[in-house]
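What follows is a set of notes on a single structure, which appears directly below.
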Amino acid sequence: MRIENRQRLVVGNWKLNGNLAENAALLGACANAEVRVARTLGVCSPYPYLSQLQSVLANTPVQYGSQDVSRFPKGAYTGEVSAGMVAEFGCQLAIVGHSERRALFGDSDEVVGEKFLRAQQVGLTPVLCVGETLSEREAGMTEVVVARQVGAVIKIAGVAALAGAVVAYEPVWAIGTGKTASPVQAQEVHAFLRTYVAKHAVEISSKLPILYGGSVKKANAAELFGQPDIDGGLIGGASLVADEFLGIWQAL
């Protein structure tokens, strides 16, 4: 049975996409989206566009943020962007631990935990991504992997930190591949994650928003979001198309 006092949200992750003109049209559509009680719409863009997000979305119900933050608060770290810098643009959200950061840029569980902590220290809501590869799923390691990933954050930031966070389950084999975990498969992992957190703190677990990500589309969103432990979605490619993204939002 769904717990209705949990926040429900759909967050777009533009990844390495966008330009000023296309962004303006997409953000304008988001800014004009219907206000829905207890339903949050969010957008996470590349760093250079945070100012544009702020100018369009700052006085709307739409939340916005970055796709990553540095593990360092300041210093001689050329190319890094700190959580504090992101927060200065009025952001509310910061994605940490996306599988592409883990696989392509070497973000370990420990690094993700440090990024989570840095985001929260400046008032951002971390969107913590967890998920298994195809080989890990086929080896029956899904629960071990996602428990390790969440456990690393609990070890570094403490379980109480999850009270001000969002978790996103994204099976790596379903990201950008067109493959989607079935609603039953997704629900099983979401339920496991909630049970895992409950072993540390039942009250936090019951209120923790857990999103699903991995080739979510307008056509399959309602069935996914109808599962009792799926509280919304972290949307990649479909978040770049206003009609598709807002259609997913309407399914929440």
Side-chain angles (χ1 to χ4, degrees), residues 2-15 26-27 29-45 53 56-58 60-69 86 90-98 116 119-120 123-131 150 153 161-170 175 180-181 183 186-187 189-191 193-194 197 204-218 220-242 244-252:
R2 174 172 296 283
I3 304 296
E4 289 300 334
N5 67 345
R6 284 201 302 268
Q7 182 187 17
R8 305 199 71 193
L9 64 163
V10 165
V11 178
N13 173 18
W14 290 359
K15 305 189 180 184
L26 179 55
L27 292 172
C30 292
N32 291 319
E34 174 191 357
V35 176
R36 305 175 69 209
V37 176
R39 304 290 191 271
T40 301
L41 183 64
V43 176
C44 290
S45 77
L53 266 61
V56 177
L57 301 177
T60 76
V62 182
Q63 296 190 8
Y64 60 94
S66 64
Q67 300 167 5
D68 193 27
V69 294
V86 169
C91 296
Q92 299 97 337
L93 305 170
I95 298 172
V96 296
H98 193 280
F116 180 105
Q120 212 163 51
L124 299 171
T125 297
V127 180
L128 170 65
C129 297
V130 302
V150 175
V153 170
L162 292 178
V166 174
V167 171
Y169 168 58
E170 293 197 310
I175 299 174
T180 308
Q187 166 60 24
V189 181
H190 281 236
L193 285 165
R194 202 172 301 286
V197 175
I204 290 173
S205 172
S206 68
K207 295 181 180 179
L208 177 66
I210 306 178
L211 313 184
Y212 173 74
S215 299
V216 179
K217 304 176 181 65
K218 182 167 63 172
N220 62 19
E223 190 176 7
L224 286 163
F225 297 165
Q227 301 301 309
D229 289 292
I230 299 180
D231 302 309
L234 180 59
I235 315 301
S239 72
L240 300 170
V241 181
E244 189 73 17
F245 185 45
L246 296 177
I248 293 169
W249 156 244
Q250 291 296 329
L252 188 60

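In this chain, numbering begins with 1 at the start of the sequence shown. Note that these values count all heavy atoms, side chains included, but never hydrogens, waters or copies made by symmetry.
Annotation: side-chain contact (heavy atoms from CB on, under 4.5 Å) contacts of Ala222 (sequence neighbours excluded): Ala251. Remark: Ala191 engages Gln187, Asp229 in a side-chain contact (heavy atoms from CB on, under 4.5 Å) (not counting sequence neighbours). Legend: residues meeting side-chain contact (heavy atoms from CB on, under 4.5 Å) with Val56, ordered by chain and number and at least two apart, are Leu27, Ala31. Here Glu244 pairs with nothing under the side chain to side chain donor-acceptor pair (under 3.5 Å) rule; sequence neighbours left out. With sequence neighbours excluded, the residues forming a side-chain contact (heavy atoms from CB on, under 4.5 Å) with Gln92 are Gln63, Tyr64, listed by chain and number. Residues passing the salt bridge (charged side-chain N to carboxylate O under 4.0 Å, His left out) test with Lys217: none are found, sequence neighbours excluded. Qualifying ring-ring contact (aromatic ring centres under 6.0 Å, His included) partners for Phe245, counting only residues two or more places apart in sequence or in other chains: none. Checked against side chain to side chain donor-acceptor pair (under 3.5 Å), Thr40 has the following partners two or more places apart in sequence or in another chain: Gln7.
Distance NZ/Lys15 to SG/Cys44: 12.5 Å, rounded to 0.5 Å. Within the model, atoms CG of Leu53 and SG of Cys91 stand 7.0 Å from one another, a figure rounded to the nearest 0.5 Å. The line from CD1 of Ile248 to CG of Leu224 is 9.5 Å long, rounded to the nearest 0.5 Å. Separation of atoms CZ (Arg36) and CD (Gln250) is listed at 5.0 Å; rounding is to 0.5 Å. Ile230 contributes atom CD1, which lies 9.5 Å from atom CD1 of Ile210 (distance to the nearest 0.5 angstrom).
Considering only heavy atoms from C-beta on, Phe225 comes within 4.5 Å of Arg8 through its side chain. Using a 4.5 Å heavy-atom cutoff, the side chains of Val153 and Leu128 are in contact. A heavy-atom distance below 4.5 Å is not found between the side chains of Ile95 and Ser66. Side-chain atoms of Ile235 and Val11, non-hydrogen and from C-beta on, never get closer than 4.5 Å to each other. Taking the side chain as every heavy atom from C-beta outward, Pro61 and Leu41 never approach each other to under 4.5 Å. Looking only at side-chain heavy atoms (C-beta outward), Val166 and Leu208 stay at 4.5 Å or farther from each other. Proximity of Leu9 to Pro209: side-chain heavy atoms (C-beta onward) are separated by under 4.5 Å at one or more points. Taking 4.5 Å as the limit, some side-chain heavy atom of Leu124 sits within range of a side-chain heavy atom of Val86.
Aromatic ring orientation, Tyr169 versus His190: perpendicular (interplanar angle above 60°, classes split at 30° and 60°).
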Practice item. Start with the C-alpha distance between Asp231 and Arg194, add both sets of side-chain angles, then the distance that settles salt bridge (charged side-chain N to carboxylate O under 4.0 Å, His left out), and finish with yes or no. Key: CA-CA 12 Å; Asp231 302 309; Arg194 202 172 301 286; 3.0 Å; yes

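A donor-acceptor pair under 3.5 Å links the side-chain atoms of Arg6 to the main chain of Ser206, judged by distance alone. The backbone N or O of Pro183 sits nowhere less than 3.5 Å from a side-chain atom of Glu223 that would complete a donor-acceptor pair.
Across all their heavy atoms, Tyr212 and Ala181 have their closest contact at OH-N, 3.0 Å. Closest approach of Asn220 to Ser215, counting heavy atoms only: ND2-O, 3.4 Å. Counting all heavy atoms, side chain and backbone alike, Val216 lies closest to Ala238 at O-CB, 3.7 Å. Summarising the geometry of Val62 relative to Val43, their closest heavy-atom pair is CG1-CG2, 4.3 Å, with the distance given to 0.1 Å. In terms of heavy-atom proximity, Trp14 sits nearest to Ser45 at CE3-CB, 3.5 Å. Residues Val10 and Trp249 share a closest heavy-atom pair of CG2-CA, 4.2 Å.
Under the 3.5 Å distance criterion, with hydrogens and angles disregarded, a donor-acceptor pair is assigned to the side chains of Glu170 and His98.
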